[in-house]
Amino acid sequence: MKILVLNSGSSSIKYSLFDMLDLRVLASGMVEKIGEIQSLHKYCIRHIDGNIQEMVESQSIADHQYGLKNIIQQMQQSKVLAHATDLSAVGHRVVHGGEKFHQPTLIDENVLSEIRKMIPLAPLHNPANLTGIELMMQFADNVPQVAVFDTAYHQSIPEHAYLYAIPIELYEQDSIRRYGFHGTSHYYVAKQAAKTLDKPLETLNLITLHLGNGGSVTAIKQGESIDTSMGMTPLEGLIMGTRSGDIDPAIPYYLNQNKAMSNEDINNMLNKNSGLKGICGENDMRAIHAMADAGDKSAERALDMYCYRIKKYIGAYFAVLGRVDALVFTGGIGENDSRVRAKICDGLELFGISIDPNKNEIRDGEIKDIKGSQSTLSILVIPTDEEMEIAMQSMSFVKTEKDS
Ligand code: AMP
C-alpha cells in the first residue's frame, strides 16, 4: 500500500512516497525553482537494504505539471512505483481550511471549490496547493486524493481565544479570526509525546513549540489545541526567520503615513525582511550562532529577542492551561539547537522547568526527555514528521477490497 504525500508551493513541490505496510519512506524529494531557467530536482531513494541514493538534477522545469511528471517519472525509473494509478492515496498538504475543515477530507469538486474560497485568507499557499491537487487528479485518476489542512487541528480553539477585539462584523462577514498553522506538526508531536509518556493524549496538557524557519507555540489541553500563537495568517506570534511575529498593529499605519511605504511594501517587509533577518541580517539560526560566537552584537540581540518572545508565550500558556505535563520542542531549531532550548528554559524554574545540561546536548534524532532532576514536568525533544502524519491521516480514505 503506497501513499504519496505532496506539498505544492508556488515555485516548488515537496514529496514523499510511503510504504504504509511498514511505514517506510521509499522515496522523497523536492522540485525547486519551478519556472526558472535552472530548476532543481533533489531526490532520495531508500532501498530496502538500507542503501540511500541521493541525487540532484538541474534542468528547466517550466511549470507544476512538468514538475509532477518529472517526480512520477523519477519514481518509475527508480522502480519504487510502477504507475501513478497504483497509489492507494495521495495526501495533499493544504495550508488554509478556514472554519470549514476540521478533519482530513476526501477531495471532490465541492471540496476544491471550498479550498478556492479560502484563497483570500492564504493567497500565497492555497492556489499552489490547488494546482498540485488538480494535476494529481489528472495523473492518478480514481486514486483517493485527501486534503490535510494546517489549520484543522486548531479548530478546537474556543471563541474567546480565536476572536480579535475588532468590530465583530469583520469576523461574521469576512471570517477574520485566529486560525493557527503548523497544526499537523503540533498534533503529530503531541501524539508522540503521549506515546513517550505512556499516557492517553486526552489526559495530557502540553505546550508544543514548533521552532523552524517559521515558528509557533500551541497550548494543548486534554489533547486539544486551545490556543496558538499564529493568527489569521502565519505572521502573528513568535519572532521567526524572516517574519516579525507580534508587533503593535499601529506600526503599519505609521509606516504608511510617515515612510511612504505602500501596503505591499509593508507586507513584504513584515513577512520577508523582518524577524531574525531584520534584526541581524541573517535568518539561519546556525549562522546567527556563528556570528554571536564571533562577537557580533546584533546576532546576540537577535538571540535574546527570539528566546524572550518564546518565554513570554510559555508563561502565558502556563496561565491558560493551569497544569502542564510536558513542554515539547520540535522543528529545525527546536530539535537541534541545545543552546536555544537552554536559553528559553533558563529562569523558568518557578514553573517547574529545568533542563539536564548533558541530556540537552545529545543529538541523535531520537525522542528524548531532557528534564533535569528538579523539573516537575517533562521537557521533550521530538522530531516532527508532517509528511508521515499526512500519510497516516490519508490512510483512512484508502479503498479496501471490502469497499469496492
Ligand atoms: P525548519 O524550517 O524546521 O527546517 O528549520 C530551519 C531552521 O532550523 C533554520 O534556522 C536552521 O538554521 C535551524 N537549524 C537546523 N539545524 C540546526 C542546528 N543543528 N542548530 C541550530 N539550528 C539549526
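Atoms within a ligand are numbered from 1 in the order they appear, just like the ligands themselves. Since we're looking at a predicted model, the values are computed, not measured.
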What protein heavy atom sits nearest [atom], and how far off is it?
{"atom": "atom 2 (O) of ligand 1", "answer": "N213 N, 2.9 Å"}
{"atom": "atom 21 (C) of ligand 1", "answer": "D337 OD2, 3.5 Å"}
{"atom": "atom 14 (N) of ligand 1", "answer": "G332 O, 3.6 Å"}

Take the angle between the ring planes of H41 and Y15 and call it parallel below 30°, perpendicular above 60°, tilted in between.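 Because their plane-to-plane angle is over 60°, the rings of H41 and Y15 count as perpendicular.
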Does one side chain, of E236 or Y164, offer a donor that lies under 3.5 Å from an acceptor on the other?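 Indeed, the side chains of E236 and Y164 share at least one donor-acceptor pair under 3.5 Å.
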Is there a donor in the side chain of E361 and an acceptor in the side chain of S338, or the other way round, less than 3.5 Å apart? yes
Proximal ligand 1 atoms for [X], defined as those under 4.0 Å from one of its heavy atoms:
{"X": "I333", "result": "7 (C), 8 (O), 10 (O), 13 (C)"}
{"X": "G212", "result": "1 (P), 2 (O), 3 (O), 5 (O)"}
{"X": "R363", "result": "19 (N)"}

I'd like to know whether CG of N263 has more than 12 heavy-atom contacts from other residues, nucleotides or ligands below 6.0 angstrom.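 Not buried by this count: 12 neighbours or fewer within 6.0 Å.
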Would you indicate whether I52, at its atom CD1, is surrounded by more than 12 heavy atoms from other residues, nucleotides or ligands within a distance under 6.0 Å?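 Counting other residues, nucleotides and ligands, CD1 of I52 exceeds 12 neighbours.
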Would you say atom 5 (O) of ligand 1 has a protein heavy atom nearer than 4.0 Å?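 Yes; the ligand atom in question has protein heavy-atom contact below 4.0 Å.
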